[in-house]
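For reference, the structure discussed in these notes is given below.
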2 protein chains.
Amino acid sequence: MTRRSPDARRRGPSMADVAREAGVSGQTVSRVANGKTNVDDATRERVLAAMRSVGYRPNSAARALRNGQFRSIGAIISALPTFGNSRTLSAVASAVAAEGLTIALMPVTQSTQSEVTGAFSWLSEQAVDGIIILIEQHQLDENEIELPKGLPVVVIGADARHEHPVVDTNQAEGAAFATNHLLDLGHRTVWHIAGPPLSYAAERRQRSWRATLERAGRETPPVLTGDWSANSGYCHGLRLAEDPSVTAVFAANDQMALGLMRALHEKGRTVPGDVSVVGFDDMEEAAHFWPPLTTVRQSFEAVGRNAVTALLAEIANNSQGTAVVEVPTELVVRSSTAAPAG
Amino acid sequence: MTRRSPDARRRGPSMADVAREAGVSGQTVSRVANGKTNVDDATRERVLAAMRSVGYRPNSAARALRNGQFRSIGAIISALPTFGNSRTLSAVASAVAAEGLTIALMPVTQSTQSEVTGAFSWLSEQAVDGIIILIEQHQLDENEIELPKGLPVVVIGADARHEHPVVDTNQAEGAAFATNHLLDLGHRTVWHIAGPPLSYAAERRQRSWRATLERAGRETPPVLTGDWSANSGYCHGLRLAEDPSVTAVFAANDQMALGLMRALHEKGRTVPGDVSVVGFDDMEEAAHFWPPLTTVRQSFEAVGRNAVTALLAEIANNSQGTAVVEVPTELVVRSSTAAPAG
DNA sequence: GAACTACGTGCGTCGTGAATG
DNA sequence: ACATTCACGACGCACGTAGTT
């Protein structure tokens, strides 16, 4: 009886309903909703009451359509539950929410080229004013993604060769901190368990580790390639434990350091007595590993904040920035490193 | 010259532009965009070409306004980077994305009453067809949140006394698994490091732990209240390590178990020789703790999937469900538990 | 002039009904 | 009769102009 259209969509009360309830015009309701000044206090109260009583909530679709802005930014993100991504996303979300905007999530399940491309075109149809890309893999450049022109984009943790602003932790600095710390303790050289090949962060940490060793005139052991998981650190650790010449290892993240230390324990090698271990990230748990892990702290919060700031600036200026922001790191020395036994 | 309005909003090309370019009416463009059948192949091609040439992308705001649906669901989430939340959110996001919907994130930074209430009213104004609430604290019931009537809601991991569907891990089952496992190994009783007081999950695990001990006729040691952090587990662990009568501890999550084990190590008590430890969650790292942690695995993926399913059903039926889904757990036995030394 | 009302317009999309071939 | 296409209007909101108290 009361339904108007065959497909009964759930439509809430509109301004017109509020206006009728409050006995004012739609204009006045609009003014109240937008916090304009030229409304009598008594009238405003009546309108507010009417809003409450009819359960009015502004239709953001209509508002977006009218204003040409969605007040929403999209986040393309791979591996959501990953420690770093999750922390960064949290920072992004907070910063975005502080501005009164929404963040629309676009998860990319796997690293398939087509899927990422699809994600882009899909998200680009969505109601967003800009996009933050949080994908650590190289997928980006392989296939030249065509983002809708004019849609501001900021990339987190990728390469700077894109035509968009990039925000990232200063991976090189962090890896140098870690490597130098071990060298300074007197270790002849430092082994490295790297992250997966396609990761920018992994690549940079590895390059910096190598450069640091070369700068110090030390020989560089072969790189051990992991995949960020504790298990990959464990696997490499089992082999490193067999080699008594290994006295110092820099793992590209804390999880791999954890797995590494487990392997060393299992093989009866002590940390840091026989082998010193440094991680990267400084996840909360790192202080409670056994032994507490010396690691490089990176500020995911700063990365997220900076990305949002950059994106918002792009949106406001309607410009295409290309700035590169590098967030500094910090070495946190705990109990997993010491001078070599020799 | 070309600008029309003083505030030059970035507006993309519309159907009208495509129509002009292709020499057809807007309706035909709409038909093509929506994959309707009654369009001549030649015309369709011409329209598609025009779309490409002008860089058309559908305006989802207009679409939402027209259709009365946003094809987006909101997620109110506290403590985004928390291990469990992050995993659950990931599952939610995947399930939602699989349906071709967007998920709008609404982070709640802290547990302030007013803030949560504000978050609700804020999000309720957003462009969402339904809401998933992922807040572990009790804040929900204190202040009777008034969600806009008719907006479907599903609650994850809270109490069932709400008028919305609830999805949660079977906390009671998991805690019973953990406690019985230790009892079966021959321990007289089991100590418990609980989660924070306001957490439903913490409360349920604790209740089940207590009930299991009572059912077995064992005395229940005083509860040690933590806050999920490894550090809180460490602090309690330092004291537990002093008491030689403590031979078995069930920590309400893996992080606290980690901190506990660190404290035991520091105090020279062996795990599981002197003290057996069980955690909860089975985070990836747990297998690489030292020693590898016996723990209760919960399926965040299943929780997330179920929540989305329930919400989508509510949206489709335009109904208010109140179903309660409990996701089963699984005990994963590793090396941190053994029979008591005595 | 302050505080409003009344009315009209346009944002982009898409269902409806009518018109074309 | 039929397939294809077109013109019109409405979704809810935000503004502008003109008029009222």
Side-chain angles (χ1 to χ4, degrees), chain A residues 3-47 50-51 54-71 125-127 129 148, chain B residues 3-47 50-51 54-71 125-127 129 148:
Chain A
R3 68 170 52 176
R4 310 174 172 187
S5 53
D7 59 331
R9 294 272 160 260
R10 179 182 17 258
R11 288 185 189 279
S14 70
M15 279 195 172
D17 299 306
V18 177
R20 199 175 312 116
E21 175 78 11
V24 299
S25 78
Q27 295 325 299
T28 308
V29 178
S30 175
R31 285 210 187 86
V32 173
N34 291 30
K36 296 302 171 73
T37 54
N38 50 345
V39 180
D40 191 77
D41 280 354
T43 313
R44 163 172 280 117
E45 266 317 309
R46 217 165 66 237
V47 171
M51 281 181 175
V54 303
Y56 170 76
R57 57 193 190 112
N59 184 320
S60 52
R63 187 172 281 181
L65 177 58
R66 166 71 220 217
N67 295 342
Q69 284 202 181
F70 299 97
R71 300 196 60 73
E125 292 186 7
Q126 293 314 119
D129 300 315
Chain B
R3 70 169 51 176
R4 310 173 173 189
S5 53
D7 60 331
R9 292 273 161 260
R10 177 180 23 256
R11 286 184 190 279
S14 70
M15 280 192 173
D17 300 307
V18 178
R20 199 176 310 117
E21 175 80 10
V24 298
S25 80
Q27 292 329 296
T28 308
V29 178
S30 172
R31 286 211 186 82
V32 173
N34 291 33
K36 295 302 172 74
T37 54
N38 47 345
V39 180
D40 190 78
D41 280 354
T43 315
R44 162 172 283 117
E45 267 319 308
R46 219 168 62 241
V47 171
M51 281 181 175
V54 303
Y56 169 77
R57 58 194 187 107
N59 183 319
S60 54
R63 195 169 268 182
L65 176 59
R66 172 67 223 223
N67 297 340
Q69 283 201 180
F70 299 97
R71 300 195 59 74
E125 292 185 7
Q126 295 312 120
D129 300 315

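Numbered from 1 within each chain, the chains take letters A, B, ... in sequence-line order.
Take A/T43 and apply the side-chain hydrogen bond (donor to acceptor under 3.5 Å, both in side chains) test, not counting sequence neighbours, and it matches no residue. Scanning for side-chain hydrogen bond (donor to acceptor under 3.5 Å, both in side chains) contacts around A/Q27 gives an empty result, with sequence neighbours left out. The side-chain hydrogen bond (donor to acceptor under 3.5 Å, both in side chains) check on B/S30 picks up nothing, with sequence neighbours excluded. Considering only residues two or more places apart in sequence or on other chains, A/A64 meets the side chain to side chain contact (heavy atoms under 4.5 Å, CB included) condition with A/F70, B/A61.
Nearest to the side-chain atoms of A/S30 among the listed nucleotides D/dA14, C/dC14, C/dT13 stands D/dA14. Distances from the side chain of B/P58 to the nucleotides C/dC11, C/dT13, D/dC13 place C/dT13 closest.
Sorted by first and then second residue, the pairs that involve residues 28-44 of chain B and meet salt bridge (Lys or Arg N to Asp or Glu O under 4.0 Å), not counting sequence neighbours, are B/D41-B/R44.
B/D129 places no side-chain N or O within 3.5 Å of a backbone atom of B/Q69 that could act as its donor or acceptor partner.
For the pair B/R44 CZ and D/dA3 C1', the computed distance is 13 Å after rounding to whole Å. When rounded to the nearest whole Å, the span between CG of B/L65 and P of C/dT13 equals 11 Å. What separates CG of A/N59 from P of D/dC13 is a distance of 5 Å, to the nearest Å. Spacing between atom CZ of B/R57 and atom P of C/dT13 amounts to 11 Å, rounded to whole angstrom units. Atom CG in A/D17 sits roughly 10 Å away from atom C1' in D/dG12 (whole-Å rounding).
Shown here for A/G55 and A/P13, the closest heavy-atom pair between the two residues is O-CG, 3.4 Å.
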Which atoms of nucleotides 6-10 of chain D (N or O only) lie under 3.5 Å from a protein N or O atom, and what are those distances?
from, atom 1, to, atom 2, distance (Å)
D/dC6, OP1, B/S25, N, 3.4
D/dC6, OP2, B/S25, N, 2.8
D/dC6, OP2, B/S25, OG, 2.9
D/dC6, OP2, B/T28, OG1, 2.6
D/dC6, N4, B/R31, NH2, 2.8
D/dC8, N4, B/Q27, NE2, 2.9
D/dG9, N2, B/R66, NH1, 3.0

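Annotation: proximity of residues 33-42 of chain B to DNA chain D (heavy atom, distance under 4.0 Å) is found for B/N38, B/V39, B/D40, numbered in ascending order.
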